[in-house]
Colleague: 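I have a structure I would like to understand better, so I am pasting it below and will then ask my questions one at a time.
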2 protein chains.
Amino acid sequence: MKKITIGDASRQSGVKVPTIRYYESIGLLAAPSRSGGNQRSYEPADLRRLVFIRHARELGFEVDAIRTLLTLQDDPHQSCASADAIAKARLADVEQRIRSLMALKVELETMVEGCGHGRVDQCRVIEVLADHAQCTHSHH
Amino acid sequence: MKKITIGDASRQSGVKVPTIRYYESIGLLAAPSRSGGNQRSYEPADLRRLVFIRHARELGFEVDAIRTLLTLQDDPHQSCASADAIAKARLADVEQRIRSLMALKVELETMVEGCGHGRVDQCRVIEVLADHAQCTHSHH
DNA sequence: CTACATCCTCTAGCGACTAGAGGTGCAAGA
DNA sequence: TCTTGCACCTCTAGTCGCTAGAGGATGTAG
């Protein structure tokens, strides 16, 4: 069997080399065996784990949540209630973020549209920032 | 005129006390005069600046962008092209974020809906994370 | 005068990496 | 065989925008 170096693992998983070492240092990925001159040598299972982690990070899961998801994956006979709860919490968070970003978008659009491209003292961008009362939304 | 302590400034601007000191340390807010036993004493103009900063932060502007916006505000005869550009860049960023969060939401919803609340080996949450090919969207 | 809140400075920590220094290992071409 | 040059190693420090805490000084109310 050919040995998988950290560089190969990086290319095959899409996780950068220093990030792989970082994941090892925080215990998200088990330390692999070393071959020859102290170089890390990975197994296919490690690659799958890295892809899992990358995908979860792309979905915005925090490292702690991923830690839990990984232990669940390691023991497939457990109830998946925890995984479900984590995903639901993340979904709620994403929905909340979308709501505030939408409000923010409206506010920024008003600012940009109101800018007459003249001097700063007529600029709505600066004006709105200086005087919160001018906001269309007052939720923040 | 009564002296405005850092605590008053905090209450009136909505910026926390350590954050005000932090803003001073990074040069976002000028160091105020000190009165008596070395305590900071603010002017009304400082309060307006703090509100400006807080509002800009709430809109997601980075400290560097705020620095530029503040220098623009200080010189109202300048062209507001920079302010406009900063706000437009921020708007584009917000729109991009909304788009990716929407895609993410769809993916999370699929995961959560697909969870049969049984054991982990039938859980779609874990499954989707382990195998990226199962994503409805493939942009990431 | 005594509490007690508020202020001061300074350092360290958060999350999730990223960058760089300074050194070793390894495979391929001359 | 030697050398070139990339990939690897460890370690520390930096990123961003704060936040927390230690340890001490000051200000105010009763």
Side-chain angles (χ1 to χ4, degrees), chain A residues 2-29 31-42 46 49-70 86 89-90 93 97 100 140, chain B residues 2-29 31-42 46 49-70 86 89-90 93 97 100 140:
Chain A
K2 62 211 168 290
K3 49 191 167 182
I4 303 171
T5 68
I6 198 169
D8 296 334
S10 172
R11 276 178 291 278
Q12 286 174 50
S13 68
V15 180
K16 288 183 198 160
V17 168
T19 307
I20 295 176
R21 285 197 277 252
Y22 168 70
Y23 285 159
E24 183 184 325
S25 80
I26 61 167
L28 205 55
L29 190 71
S33 60
R34 304 284 182 127
S35 45
N38 197 33
Q39 304 203 349
R40 287 170 181 82
S41 183
Y42 293 94
D46 296 317
R49 205 168 176 92
L50 277 173
V51 168
F52 186 103
I53 295 169
R54 179 174 64 82
H55 195 185
R57 286 294 301 133
E58 280 168 356
L59 290 174
F61 289 96
E62 292 178 1
V63 164
D64 261 9
I66 296 174
R67 221 183 284 272
T68 307
L69 290 170
L70 281 168
I86 289 170
R90 178 75 195 126
D93 180 48
R97 259 168 224 257
S100 40
H140 59 260
Chain B
K2 61 207 170 292
K3 48 190 167 182
I4 302 171
T5 67
I6 198 168
D8 296 335
S10 171
R11 275 180 290 278
Q12 286 174 53
S13 68
V15 180
K16 288 182 198 160
V17 169
T19 307
I20 296 177
R21 285 196 277 252
Y22 168 70
Y23 286 160
E24 183 184 324
S25 81
I26 60 167
L28 206 55
L29 190 70
S33 60
R34 302 286 181 126
S35 44
N38 198 32
Q39 302 203 350
R40 288 170 180 82
S41 182
Y42 292 94
D46 296 318
R49 206 169 174 93
L50 278 172
V51 168
F52 185 103
I53 295 169
R54 179 174 63 82
H55 196 186
R57 286 294 300 134
E58 281 168 357
L59 289 174
F61 289 96
E62 292 177 1
V63 163
D64 261 9
I66 296 174
R67 220 183 284 271
T68 309
L69 291 170
L70 282 168
I86 290 170
R90 179 75 196 122
D93 180 47
R97 261 167 222 257
S100 39
H140 58 260

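Since we're looking at a predicted model, the values are computed, not measured. Lettering of chains follows the sequences in order, A, B, ..., and the numbering in each one begins at 1.
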Colleague: With a 6.0 Å cut-off (strictly less than), is the heavy-atom count around CD of Glu24(A), excluding the residue itself, greater than 12?
Modeller: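 Yes.
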Colleague: Give a yes or no on whether the backbone of Val15(A) and the side-chain of Ser10(A) come within a donor-acceptor separation of less than 3.5 Å.
Modeller: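 Flag set: sc Ser10(A) to bb Val15(A) pair under 3.5 Å.
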Colleague: By nearest heavy atom, map Tyr23(A) and Arg34(B) onto DNA chain C; which one lands nearer the 5' end?
Modeller: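 Nearest-nucleotide comparison on DNA chain C picks Arg34(B).
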Colleague: What distance separates Arg49(B) CZ from Tyr42(B) OH, expressed to the nearest 0.5 Å?
Modeller: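 Spacing of CZ (Arg49(B)) from OH (Tyr42(B)) equals 12.5 Å.
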Colleague: So, taking the atom named CZ in Phe52(B) and the one named CG in Leu69(B), what distance separates them when rounded to the nearest 0.5 Å?
Modeller: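 Separation between the atoms: 5.0 Å.
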Colleague: In whole angstroms, how far is the C1' atom of dC17(C) from the CD1 atom of Ile66(A)?
Modeller: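 Roughly 13 Å, once rounded to whole Å.
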Colleague: Could you tell me the separation between the CG atom of Leu29(A) and the C1' atom of dA16(C), rounded to a whole number of Å?
Modeller: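 In whole Å, dA16(C) C1' lies 15 Å from Leu29(A) CG.
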Colleague: Does Gly37(B) or Phe61(B) map to a spot on DNA chain D nearer the 5' end, using the closest nucleotide for each?
Modeller: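 The residue closer to the strand's 5' end, by nearest nucleotide, is Phe61(B).
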Colleague: How far apart are the closest heavy atoms of Lys3(A) and Ser35(A), and which atoms are they?
Modeller: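 What the structure gives for the nearest pair is CD-OG, 3.7 Å.
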Colleague: So what does Arg21(A) hit on the nucleic acid, given a heavy-atom distance under 4.0 Å: a base, only sugar-phosphate, or nothing?
Modeller: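 If one applies the 4.0 Å heavy-atom cut-off, Arg21(A) turns out to touch a base.
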Colleague: Hey, is the side chain of Thr19(A) poking within less than 4.0 Å of OP1 or OP2 on dT18(C), counting only N and O atoms?
Modeller: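 Answer yes for this pair, as a side-chain N or O of Thr19(A) is under 4.0 Å from OP1 or OP2.
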Colleague: Measure CZ/Arg40(A) against P/dC26(C) and give the value in whole Å, please.
Modeller: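 It is 14 Å, rounded to the nearest whole Å.
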Colleague: Return yes if some donor-acceptor pair links the side-chain N/O of Arg90(B) with the main-chain N/O of Gly60(B) below 3.5 Å, else return no.
Modeller: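 Side chain of Arg90(B) to backbone of Gly60(B): a pair is present.
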Colleague: dC8(C) P sits how many Å from Asn38(B) CG, rounded?
Modeller: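 About 7 Å, once rounded to whole Å.
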Colleague: Rounded to the Å, how far apart are Tyr22(A) OH and dT18(C) P?
Modeller: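 Answer to the nearest Å: 10 Å.
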Colleague: When rounded to the nearest 0.5 angstrom, what is the spacing between OG in Ser13(B) and CG in Asp8(B)?
Modeller: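 These two atoms lie 10.5 Å from each other.
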Colleague: Roughly, in whole Å, what's the span from CD1 in Ile20(B) to P in dC7(C)?
Modeller: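 From Ile20(B) CD1 to dC7(C) P: 9 Å.
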Colleague: Whether Lys16(A) contacts dC17(C) is assessed here as follows: a side-chain N or O lying under 4.0 Å from the phosphate OP1 or OP2. Is that the case?
Modeller: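 No, no such contact exists.
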Colleague: Using whole Å, what does the distance between atom C1' of nucleotide dA5(C) and atom CG of Asp8(B) come to?
Modeller: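 Nearest whole value for this atom pair: 13 Å.
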Colleague: Measure the distance from CZ on Arg54(A) to C1' on dC17(C) and round it to the nearest whole Å.
Modeller: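 Distance, rounded to whole Å: 16 Å.
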Colleague: Which nucleotide span of DNA chain D, 5' end to 3' end, has atoms closer than 4.0 Å to non-hydrogen atoms of chain B?
Modeller: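 Span of nucleotides near chain B: dG17(D) to dG27(D).
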